[in-house]
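The structure presented is a predicted model; accordingly, all values stated were derived computationally and were not measured.
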Number of protein chains: 2
Amino acid sequence: MKLLPERTVERLSKYRRVLQRELDNGVDHIYSHELAKLLHITPVQVRRDIMLIGHTGTLRKGYGIENLITLIGEIIDCNSTSQKVAIIGIGNLGQALLDYLNSSQTKLQLNAVFDNNPEKIGNSYSGTLCYNIDSLKKIVEREGITIGILTVPPQYAKEISIMMVDAGILGIINYTPVSLKLEGAFLEEYDVITSLEKVAYFAKPRNAKMLS
Amino acid sequence: MKLLPERTVERLSKYRRVLQRELDNGVDHIYSHELAKLLHITPVQVRRDIMLIGHTGTLRKGYGIENLITLIGEIIDCNSTSQKVAIIGIGNLGQALLDYLNSSQTKLQLNAVFDNNPEKIGNSYSGTLCYNIDSLKKIVEREGITIGILTVPPQYAKEISIMMVDAGILGIINYTPVSLKLEGAFLEEYDVITSLEKVAYFAKPRNAKMLS
DNA sequence: TATTTTGTGTTACAGAAATCACATAACAAC
DNA sequence: GTTGTTATGTGATTTCTGTAACACAAAATA
């Protein structure tokens, strides 16, 4: 299949979670406009996304939730081999994300945590062992980890991102304020300060008025 | 001035920080291609963003860093009254963000923290006092808080977002997995699981190959 | 003073994403 | 059957965002 648009993939992730909730409530079919309402988007967008992944709803009954969840799962995480995740840098943010992941029902499995602080190495964080950053490559290869969450202090970000790609990690989500450029891996950057300052701009009274 | 594109505002936030770093290193002018390189974007994009905010560089010397920082500051946070921020829900993620903000040099000031846990109310978190969520409106009005970071458990998200807007908050950044719909305030949503699953999709070996 | 170099400011274009508009099909009611 | 209703599937259009192209001005060169 062709590569899906980024925004569609993001929505698929959200669809799956609300669909799972509906399924748990005993609902087995859903209309595009119902799903749309749950996520505050338009029904057309829902239908377009579902069309893109090749699922087809039955007229008059909507979309079969169970099939749809399975299909989204195959697309996002589990084809032949399900993907494994590591957190690199287990400071405040790293630990918060770790707890967040553990408390959520994503299919992705957190397999390792890395740090350079000797007091942290060897400890278990919510059930996940912390390794020395120096053994990144060894552990990543051994465990088959393909996704890395980067939450190290900014001065290490570049160097460690290179190590990560070198170790065979295929996707990095960078929570560092340093902007990176990778060859051979998918990169997603999220900058907390940027998104806060963005909100600050649009929330300025003078600007807020312009937002219709 | 007209409202700036969202992406431009995001980049302005990043420009400011790298410019500040340059200034601290004693650099006083910078070329568009230098700034571009620091953020891994194109020089054209830098020039257009700077054009949009009405700053103009001097030929042969580039852009005056100090003026540019000041201008970006006026645009994003401090016009007449600088904006104030509150964190609502001081769990793991809330505390991590709090520390993150305190350790960064943004102009936005964290003025209050809210929670409903009696053991937390009255405590100081990295220097910021935690108030009872019931006094949200009172404190927000008294302190003039305009921006809220929402990090409560999902089941409270909707209810509390309504309280926030009602209290006069103009911009909310929602770290909850629940998607919201607000009237009268700017909303930015960030879903940790979604962005992780997005990376998972594009990092799948079969897809990664397609990324040129 | 003419010419080349260099970097900005701006317009025109291309690509991605969201939205519109509508054809189509299943079902219900009569 | 026929007709009306409702919800899906999708080509066409618009909107948003990034990129390429280029005109222009100052400095360096000769």
> Please name all residues satisfying side-chain contact (heavy atoms from CB on, under 4.5 Å) with B/Lys37, sequence neighbours left out, ordered by chain then number.
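None.
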> For B/Val178, enumerate each residue passing the side-chain contact (heavy atoms from CB on, under 4.5 Å) test, keeping only those at least two apart in sequence or located in another chain.
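Per chain and number, B/Val178 pairs via side-chain contact (heavy atoms from CB on, under 4.5 Å) with B/Pro154, B/Ala157, B/Thr176, B/Leu180.
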> Residues two or more places apart in sequence or in another chain: which of them pass side-chain contact (heavy atoms from CB on, under 4.5 Å) with A/Leu182?
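Partners of A/Leu182 under the side-chain contact (heavy atoms from CB on, under 4.5 Å) test: A/Ser161, A/Val165, A/Ile172, A/Ala185, A/Leu187.
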> With respect to the phosphate group of D/dT17, does any side-chain polar atom (N or O) of B/Gln45 fall under 4.0 Å of OP1 or OP2?
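B/Gln45 to D/dT17 OP1/OP2: no side-chain N or O under 4.0 Å.
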> Regarding B/Gln83 and B/Thr146, do their side chains bring together a donor and an acceptor under 3.5 Å, going by distance alone?
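Yes.
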> Let me know the distance between CG of A/Leu68 and P of D/dG9, rounded to the nearest Å.
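My rounded result for the distance is 11 Å.
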> Identify the pairs formed between an N or O of the protein and an N or O of nucleotides 2-8 of chain D at a distance under 3.5 Å, and give each distance.
from: D/dT6; atom 1: O4'; to: A/Arg60; atom 2: NH1; distance (Å): 3.3
from: D/dT8; atom 1: OP1; to: A/Ser32; atom 2: N; distance (Å): 2.9
from: D/dT8; atom 1: OP2; to: A/Ser32; atom 2: OG; distance (Å): 2.4

> How many Å lie between NE2 on B/His55 and P on C/dT8, as a whole number?
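These atoms are roughly 10 Å apart.
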> Taking only heavy atoms on the protein side, list every residue of residues 174-182 of chain B lying under 4.0 Å from any atom of DNA chain D, sorted numerically.
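Those residues whose heavy atoms fall under 4.0 Å from DNA chain D, taken from residues 174-182 of chain B, amount to none.
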> Could you state the CG-P distance from A/Leu52 to C/dT19, rounded to the nearest angstrom?
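Computing the A/Leu52:CG to C/dT19:P distance gives 14 Å.
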> How would you list, by chain and number, every residue that makes a salt bridge (Lys or Arg N to Asp or Glu O under 4.0 Å) with A/Arg17, sequence neighbours excluded?
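Testing A/Arg17 for salt bridge (Lys or Arg N to Asp or Glu O under 4.0 Å), a comparison that skips the adjacent residues, returns B/Asp191.
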> Round to a whole Å and report the spacing from NE2 of B/His29 to C1' of D/dA26.
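The distance from NE2 of B/His29 to C1' of D/dA26 comes to 14 Å, rounded to the nearest Å.
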> With sequence neighbours excluded, what pairs up with A/Phe114 under the ring pair (Phe, Tyr, Trp, His ring centres under 6.0 Å) test?
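Residues passing ring pair (Phe, Tyr, Trp, His ring centres under 6.0 Å) with A/Phe114: A/Tyr131.
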> Whole angstrom is fine here: how far is it from CD1 in A/Ile41 over to P in C/dA17?
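The answer, rounded to whole Å, is 15 Å.
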> Output all residues satisfying ring pair (Phe, Tyr, Trp, His ring centres under 6.0 Å) with B/His40, sequence neighbours left out; order by chain, then residue number.
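Partners of B/His40 by the ring pair (Phe, Tyr, Trp, His ring centres under 6.0 Å) criterion come out as none, since no residue qualifies.
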> What is the separation between atom CD1 on A/Ile53 and atom C1' on D/dT10, rounded to the nearest whole Å?
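Checked: the CD1 to C1' distance equals 16 Å.
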> Sequence neighbours excluded, which residues qualify as salt bridge (Lys or Arg N to Asp or Glu O under 4.0 Å) partners of A/Lys137?
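A/Asp166.
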> Which of the following nucleotides, C/dA18, D/dT17, C/dA17, is nearest to the side chain of A/Pro5?
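For the A/Pro5 side chain, the nearest candidate turns out to be C/dA17.
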> Rounding to an integer number of Å, can you tell me how far A/Arg7 CZ sits from C/dA16 P?
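That distance rounds to 13 Å.
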> Kindly write out the residues that satisfy ring pair (Phe, Tyr, Trp, His ring centres under 6.0 Å) with B/Tyr31, not counting sequence neighbours, or none if the list is empty.
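If we apply the ring pair (Phe, Tyr, Trp, His ring centres under 6.0 Å) test to B/Tyr31, skipping adjacent residues, the hits are B/His33.
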> Can you check whether A/Arg11 has a side-chain N or O nearer than 4.0 Å to OP1 or OP2 of C/dA18?
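For C/dA18, OP1 or OP2 has a side-chain N or O of A/Arg11 closer than 4.0 Å.
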> Enumerate all atom pairs, one protein N or O and one N or O from nucleotides 11-15 of chain D, separated by less than 3.5 Å.
from: D/dG11; atom 1: O6; to: A/Arg48; atom 2: NH2; distance (Å): 2.3
from: D/dA12; atom 1: N6; to: A/Arg48; atom 2: NH2; distance (Å): 3.3

> Evaluate the ring planes of A/Phe186 and B/Phe202, with Trp represented by its six-membered ring, and classify them as parallel (under 30°), tilted (30 to 60°) or perpendicular (over 60°).
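Plane angle under 30°, so parallel.
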> Using whole Å, what does the distance between atom P of nucleotide D/dG18 and atom NE2 of B/His40 come to?
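The answer, rounded to whole Å, is 17 Å.
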> What pairs with B/Asp134 under side-chain contact (heavy atoms from CB on, under 4.5 Å), at least two apart in sequence or on another chain?
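Scan of B/Asp134 (side-chain contact (heavy atoms from CB on, under 4.5 Å), adjacent residues dropped) gives B/Asn132.
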